[in-house]
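No hydrogens, no waters, no symmetry mates; every other heavy atom, side chains included, goes into these values. This structure is a prediction, so every number in the text was calculated from the model and none was measured.
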Amino acid sequence: MVFRSNMFLALEQARAAAERGEVPVGAVIIAPDGTVVAADGNRTRELNDPTAHAEVLVIRAACARLGAERLNEYDLYVTLEPCPMCAGAISNARIRRLYYAAEDAKSGGVAHGARVFEHRQCHHRPEVYDGVGGAEAEALLKTFFAGKRA
């Protein structure tokens, strides 16, 4: 089987989030057959909801679309290392594989900070692949925050 990254779809969602004035993070959930089940970007400001991170939004949408609380055979692509809240949601949803682009040394919950998947209390650990499309995601985030400081 040949690996085909879907990070470009998550990056499209991140760019759309930036255009809405949201922190540019995008996510997509991919079905086992390669189809997109859900795609979205951060909407915390738009929805006045601190839990409206891209990962949570696509997990909710995919579960609603499929009529299931678990996404055992599904893959998640996200442009930034998930925070602890999102890592917990990923574990609870039983996502099969997590692909993330940029590392988040300040607020990450996978390779940094809480390292949610490494805790004994974590009931499910997805396969994790980092750095997929990392340079483009980092550039998008740096540009966005530079514009906020100007």
- Message: Rounded to the nearest 0.5 Å, what separates atom CZ in R65 from atom CD1 in I29?
- Response: 11.0 Å

- Message: Can you give me the closest heavy-atom contact between S91 and H123, atom names plus distance?
- Response: OG-N, 4.1 Å

- Query: How far does CD of E81 sit from CG of D130, to the nearest 0.5 angstrom?
  - Reply: 8.0 Å

- Item | Considering all heavy atoms, the nearest A27-E55 contact | CB-N, 4.1 Å

- Do any N or O atoms from the side chain of E22 and from the backbone of R45 form a donor-acceptor pair under 3.5 angstrom? yes

- Query: Which atoms form the tightest heavy-atom contact between A93 and I59, and what is the distance?
  - Reply: CB-CG2, 3.9 Å

- Message: With rounding to the nearest 0.5 angstrom, report the CZ to CZ distance, R70 to R94.
- Response: 4.0 Å

- Task: Calculate, to the nearest 0.5 Å, the distance between atoms CG and CZ belonging to L76 and R96 respectively.
- Result: 12.0 Å

- Message: Please check: side-chain N/O of T79 versus main-chain N/O of A101, any donor-acceptor pairing under 3.5 Å?
- Response: no

- Query: Just how far is it from atom CG of L98 to atom CZ of F117, taken to the nearest 0.5 Å?
  - Reply: 5.5 Å

- Compute whether any side-chain donor of one residue and acceptor of the other, for T44 and N42, lie under 3.5 angstrom apart. no

- In Å, rounded to the nearest 0.5 Å, how long is the span from CG of D49 to CG of L57? 7.5 Å

- Query: Can you name the nearest heavy-atom pair linking I95 to R97, along with the distance?
  - Reply: CG2-O, 3.3 Å

- Item | Closest non-hydrogen atom pair, P32 against E73 | CG-O, 3.3 Å

- Message: Test your reading of the model: is there a side-chain donor-acceptor pair from H119 to the backbone of A114, 3.5 Å cut-off?
- Response: yes

- May I ask you to decide if A139's main-chain N or O and T143's side chain share a donor-acceptor pair within less than 3.5 Å? yes

- Do the side chains of V25 and H53 get nearer than 4.5 Å, heavy atoms only? no

- Message: Restricting to non-hydrogen atoms, name the atom on Y77 and the atom on N6 that form the minimum distance, rounded to 0.1 Å.
- Response: CE2-N, 3.3 Å

